[in-house]
Amino acid sequence: MSDAPTVSLEGKSPFELRVHLGESVPEQSVREALATGDMGFLHSYTTGSAVDGPGIRVVAWTTGCMWRCQYCHNPDTWTLTNGLPVSVSNAVAELGKYRHGLKVMNGGFTVSGGEPLMQDRFAAKLLAGARQMDIHTAIETNGFYGERLSDAELDTIDLVMLGIKSWDPARHLALTGKEIEPTLAFARRLAARRRPMWIRFVLVPGLTDDFDDLARTAEFASGLGNVERVEVLPFHQLGRYKWERLGLKYALGDVAPATWEAAEQACDIFRKFGLKAV
Ligand code: SF4
C-alpha cells in the first residue's frame with residue numbers, strides 16, 4: 001500500500017477538519033496495518049506546538065478513538081479511516097526533517113490523537129523511530145489500552161501525558177462512554193515503573209469542576225509519585241464546528257468556556273496535594 005498522494009501530511013492545526021482520507025484502503029490492509037504497525041492513519045503532523053509536551057514539538061495526530069467524550073475537540077479523529085494512510089517509514093522520515101530544530105528548542109515528538117493506542121503497533125514503531133533519532137518522545141493518551149504497550153515499549157517513551165476525565169465512575173461513563181478503571185490501572189503501572197507522567201484534566205463548567213471530584217483526582221495523582229505536572233485545560237468551543245459539520249449531536253452548545261479563574265481554582269486543588277499544576 002503506497003501513501004495517499006494528494007493530501008499533505010502536514011496540517012495547519014488539529015482543528016482542521018479532515019475526513020475520508022483513508023477510506024479507499026481495503027479492509028484487509030487496514031487489519032494488517034493494525035496488526036503490524038507498518039502503516040498507520042494520521043489526521044496530520046503539526047509543527048511548532050508549545051502545548052503538547054516540553055519545549056517545541058512535532059505532533060502526530062492519529063485517528064481512531066473508542067471514547068466519545070462530550071467535549072471532544074476533534075471528533076473527525078474518531079474514525080480510523082478518516083486519517084491519511086502513511087507508512088511508518090515515511091512518517092519517521094518526515095519527523096527526521098525536524099530533528100535538529102527540535103534539539104535546539106529542547107522539544108521533541110508527541111504522538112496524540114484521537115487515541116494513539118487504537119493504533120498501538122504504529123504508535124510504538126513511530127516512538128521507537130523517534131527515539132532512534134535521539135528525539136524526546138511523548139504520548140498523549142486516555143490510557144484505556146495502556147496494556148497494549150509492553151514494558152520495553154513504555155521505556156522508549158520519555159513522557160506519558162495521561163488524560164483523566166473525571167474521578168467519579170458514573171460521571172466518567174456519562175462523559176466518555178467508557179469506564180475509568182483501565183486508565184487508573186495504566187497510571188498505577190506507569191508509577192510502578194517510575195515512568196515520567198503528566199496528567200491532563202479538561203475543566204468543563206458544570207461537568208468536571210466538582211470540588212470533591214477534583215480533590216480525589218488530585219489525591220490519586222499525588223499518591224502515584226511519578227506525576228511531574230498537572231495541566232488543567234479550560235474547556236473551549238473551538239471544536240464545535242466539527243460536530244456540526246459531521247452531523248453529530250453536540251451536547252455542550254450552551255456551556256460557556258471555562259474561565260481563567262476557575263482553572264486557577266482547579267490548579268490550587270492539585271497544588272494542595274503537592275502537585276505542580278498549571
Ligand atoms: S479520548 Fe480524546 S479523542 Fe477520544 S473522544 Fe475523548 S477527547 Fe476525543
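Here, residue 1 is the first one in the sequence, and each next residue gets the next number. Since the structure is predicted, the reported quantities are computational estimates derived from the model, not experimental observations. In each ligand, atom 1 is the first atom listed, and ligand 1 is the first ligand listed.
- When R193, M197, R194, R188 are each tested for a side chain to side chain contact (heavy atoms under 4.5 Å, CB included) with N226, only one passes: M197.
- Atom 6 (Fe) of ligand 1 has C69 SG, 2.3 Å as its closest protein atom, hydrogens excluded (heavy atom only).
- Set against the non-hydrogen atoms of W78, the atoms of ligand 1 under 4.0 Å away are 5 (S), 8 (Fe).
- For atom 4 (Fe) of ligand 1, the closest non-hydrogen atom on the protein side is C65 SG, 2.3 Å.
- Less than 4.0 angstrom separates some heavy atom of G114 from each of these atoms of ligand 1: 3 (S).
- Note: W243 and H73 fail the aromatic proximity criterion, with ring centroids not under 6.0 Å apart.
- Under a 4.0 angstrom heavy-atom cut-off, N74 registers as lying outside contact with ligand 1.
- Note: Y71 and H236 fail the aromatic proximity criterion, with ring centroids not under 6.0 Å apart.
- Inspection of the T77 and W61 side chains reveals no N or O donor paired with an N or O acceptor under 3.5 Å.
- Within ligand 1, the atoms closer than 4.0 Å to a non-hydrogen atom of N142 are 1 (S), numbered from 1 in the order shown.
- At a threshold of 2.8 Å, atom 8 (Fe) of ligand 1 has a backbone or side-chain N, O or S atom of C72 nearer than that distance.
- Salt bridge status for R216 with D168: absent, with no side-chain N to carboxylate O gap under 4.0 Å.
- Summarising the geometry, atom CD1 belonging to I269 is positioned 12.5 Å from atom CD belonging to E219; distances are rounded to the nearest 0.5 Å.
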